[in-house]
J.: 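Shown below is the structure under consideration.
Worth saying up front: this structure is predicted, and the values here are computed from it rather than measured. In this chain, numbering begins with 1 at the start of the sequence shown.
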Amino acid sequence: MIPVAISGILLFDASNRTGVSHPVKVRIIDIALQAGVSTATVDRVLNNRPGVRQKTVQQVMDAAKWLEASAARPRIFRARRTEQVIDIVIAGGAGFANDNLAREVRKVCARSGAEVRAAFPRRMNPVALAAELDRCAAAGSAGVIVQPLDHPAVREAVRRLCEREIPVVAILTDLPRSGILGYVGLDNLAAGRTAGQLIGRLCRRSGPVLLFKGSSLYRSHEERLAGFGQILRNAFPELSILGGNDGNDDPKLYYEMTRQTLLDEPNLCAVCNLGGGNRGIEKALLESGRDQDITYVAFNLTPLTRQGLVGGVFDAVVHQDMVLAADMSVRALLDASAGDAPDFCRVPVEIMMSENLEPQRGLI
């Protein structure tokens, strides 16, 4: 194997089996052990590939220079610290869904030896969310998992976290161009198109579709709305959309809106809810006696939507596995803390119906 010189250092891959003797052997595996990072991170640094923080780059180069100068083997093997604290900041007052998400994050952290601090600022309140993120920065954190609102105050709070080299992962809804490490959740445009496809295929007649979304502050809801509208306009022009304005996932508001629409639109053929608040919609449909007549597609498998699927009120649920989302989020922060470049991929868009329900898997 031919040695490679990087910044004046002779580097040898750990797989060298030539048996050739050299005066200085700085192996990639030795640098990784000395710096406390993975061999993949060392390879990225030495080949000037992106995805590694400047602090970690310096850490790797210092380790390589120390090994060359001392002609010694690595002094340390720096494992991930078990005292790391990971913060999860998600909307409060959103029912059991976010409580269960926090619980799944706690489970993953417990398996990884990290501590969790959970905070639930008032939902749809960007100022309260930004203040909670600032508290995370002041207290110190190995990383923050946040359900962000698309608002300048939140973007600035995320920026302040990043300035302190605290990595941030957005969960359930994205916050691009904010400095976050990455996003974990659905491809929400595709999820919205999926919901539109389900409504179009399952509707038994033409007519209006009552549409609900939580808030324009959730980028995920705006993307779902866009995807849903694309499909109905292009593939199912016989279906028209009613509503689609911000409803803040409020079951009481959704109950009144559904009840009134049922009175005003006797030909209503479908309901689609892109967010939460399904309890109010379901109540209005059941009271009207039209629950079996109107196609109903919702998002996220919860105990409520599961029961609704079994009872026939819901026709389909577009689901994201929150166990998987929690695991991906925590792993990304731990990788970043170790100096590795985390891998991000979308949580699959799943279609749940009464005939393919599995016992409690990935419920939120």
J.: Supply the atom-to-atom distance L172 CG to I145 CD1, rounded to the nearest 0.5 angstrom.
T.: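 Answer rounded to 0.5 Å: 10.5 Å.
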J.: Are any side-chain N or O atoms of H319 and backbone N or O atoms of L301, one a donor and one an acceptor, separated by less than 3.5 Å?
T.: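 Here the side-chain-to-backbone pair exists.
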J.: Donor-acceptor check, side chain of N125 to backbone of V127, threshold 3.5 angstrom: yes or no?
T.: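 Between the backbone of V127 and the side chain of N125 there is a qualifying donor-acceptor contact (under 3.5 Å).
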J.: When clusters are formed by joining ILVMFWY residues with side-chain heavy atoms under 4.5 Å apart, either directly or through shared neighbours, do L175 and I171 land in the same one?
T.: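 No, no single cluster joins them.
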J.: Indicate, with yes or no, if V158 and V169 share a hydrophobic cluster defined by side-chain heavy-atom contacts under 4.5 Å among Ile, Leu, Val, Met, Phe, Trp and Tyr.
T.: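 As far as the 4.5 Å side-chain criterion goes, V158 and V169 are not connected within one cluster.
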J.: Charged N to carboxylate O under 4.0 angstrom, E156 versus R159?
T.: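 Salt bridge flag = yes for R159 with E156.
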J.: Using a distance-only test with no angle check, is there a side-chain donor-acceptor pair under 3.5 angstrom linking N234 and Q230?
T.: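 Absent: no donor and acceptor within the cut-off.
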J.: In terms of side-chain heavy atoms, does T302 have a donor or acceptor partner in T305 at a distance below 3.5 Å?
T.: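 The criterion, which ignores hydrogens and geometry beyond distance, is satisfied for T305 and T302.
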J.: Excluding sequence neighbours, so at least two apart, what forms ring-ring contact (aromatic ring centres under 6.0 Å, His included) with F212?
T.: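 Expected list: Y254.
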J.: Looking only at side chains, do Y255 and E287 share a donor and an acceptor under 3.5 Å apart?
T.: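 Result is yes, a qualifying pair exists.
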J.: Charged N to carboxylate O below 4.0 Å: is that the case for R219 and E223?
T.: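 Yes, R219 and E223 are salt-bridged.
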J.: Tell me whether E163 is salt-bridged to R160, with the criterion being a basic N under 4.0 Å from an acidic carboxylate O.
T.: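 No salt bridge links E163 with R160.
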J.: So, taking the atom named CZ in F120 and the one named CD1 in I88, what distance separates them when rounded to the nearest 0.5 Å?
T.: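 Between F120 CZ and I88 CD1, I get 7.0 Å after rounding to 0.5 Å.
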J.: Does a salt bridge link R346 with D187, judged by any charged N lying under 4.0 Å from a carboxylate O?
T.: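 No, this pair does not count.
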J.: Does T194 reach the side chain of F228, with side-chain heavy atoms less than 4.5 Å apart?
T.: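 Answer no - side chains too far apart.
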J.: Return yes if some donor-acceptor pair links the side-chain N/O of N47 with the main-chain N/O of D43 below 3.5 Å, else return no.
T.: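 Judged by distance alone, yes, a pair lies under 3.5 Å.
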J.: Looking at L274, is its backbone amide N or carbonyl O close enough to the side chain of R224 to form a donor-acceptor pair, meaning the two atoms are under 3.5 Å apart?
T.: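 Confirmed, R224 side chain pairs with L274 backbone.
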J.: I need the D249 CG to M124 CE distance, nearest 0.5 Å.
T.: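 Those atoms lie 4.5 Å apart.
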J.: List the steps and the verdict of side chain to side chain contact (heavy atoms under 4.5 Å, CB included) for V108 and R111.
T.: CA-CA 5 Å; V108 178; R111 293 194 296 268; 3.4 Å; yes
J.: Can you measure from CG (N245) to CG (L211) and round to the nearest 0.5 angstrom?
T.: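 CG of L211 is found 9.5 Å from CG of N245.
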J.: Whether the side chain of R290 engages the backbone of L268 through a donor-acceptor N/O pair (distance < 3.5 Å, no angle test) should be reported.
T.: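 Pair found, side chain donor or acceptor close to backbone of L268.
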J.: What is the distance from atom CG of D174 to atom CG of N188, rounded to the nearest 0.5 Å?
T.: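 Reported value, rounded in 0.5 Å steps: 8.5 Å.
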J.: Taking G275's backbone N and O only, do any of them form a donor-acceptor pair with N273's side chain (distance below 3.5 Å, no angle check)?
T.: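 It does hold such a pair.
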J.: Assigning hydrophobic clusters by single linkage (Ile, Leu, Val, Met, Phe, Trp, Tyr; side-chain heavy-atom cutoff under 4.5 Å), is V184 placed with L333?
T.: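 In one cluster: yes.
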J.: Strictly by modelled atom types, are Q147 and T173 linked by a side-chain donor-acceptor pair under 3.5 Å?
T.: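 Short answer, no.
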J.: Does atom CZ of R205 have more than 12 heavy-atom neighbours from other groups under 6.0 Å away?
T.: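 Buried by this count: over 12 neighbours within 6.0 Å.
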J.: Does Y183 have any ring-ring contact (aromatic ring centres under 6.0 Å, His included) partners at least two apart in sequence or in another chain, and if so, which?
T.: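 Not a single residue meets the ring-ring contact (aromatic ring centres under 6.0 Å, His included) criterion with Y183.
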J.: Under 3.5 Å, is there a donor-acceptor pair between the side chain of R164 and the main chain of A137?
T.: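 Such a contact is found between R164 side chain and A137 backbone.
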J.: Hey, could you give me each pair passing salt bridge (Lys or Arg N to Asp or Glu O under 4.0 Å) that has a residue in residues 135-144? Not counting sequence neighbours.
T.: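 Every salt bridge (Lys or Arg N to Asp or Glu O under 4.0 Å) pair that includes a residue of residues 135-144, provided the two are not neighbours, is E132-R135.
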J.: Using atom types as modelled and distance alone, determine if a side-chain donor or acceptor of N248 lies under 3.5 Å from a backbone N or O of D250.
T.: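 Between the backbone of D250 and the side chain of N248 there is no qualifying donor-acceptor contact (under 3.5 Å).
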J.: May I have the step-by-step check of side chain to side chain contact (heavy atoms under 4.5 Å, CB included) for V168 and V146, ending in yes or no?
T.: CA-CA 7 Å; V168 179; V146 62; 3.7 Å; yes
J.: When you compare the side chains of S112 and R331, does any donor N or O come within less than 3.5 Å of an acceptor on the partner?
T.: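 Yes, R331 and S112 have a side-chain donor paired with an acceptor closer than 3.5 Å.
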J.: Would I90 and L133 show up in the same hydrophobic cluster when neighbours are defined by side-chain heavy atoms closer than 4.5 Å?
T.: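 Different clusters.
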J.: Does R49, at its CZ atom, have more than 12 non-hydrogen atoms belonging to other residues, nucleotides or ligands within less than 6.0 Å?
T.: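 It does: R49 CZ has more than 12 such atoms within range.
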J.: Does the distance from a Lys or Arg side-chain N to an Asp or Glu carboxylate O, for K213 and E222, drop under 4.0 Å?
T.: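 Yes, charged N to carboxylate O under 4.0 Å.
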J.: Mind checking the CD-CD spacing from E265 to Q260? Nearest 0.5 Å is all I need.
T.: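 E265 atom CD to Q260 atom CD measures 10.5 Å (nearest 0.5 Å).
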J.: Considering residues, nucleotides and ligands other than D134, do more than 12 of their heavy atoms fall under 6.0 Å from its CG?
T.: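 Count over threshold, so yes.
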J.: A side-chain contact here means heavy atoms from C-beta on lying under 4.5 Å apart; do D343 and D335 qualify?
T.: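 The answer is no, as the side chains (C-beta and beyond) never meet within the 4.5 Å cut-off.
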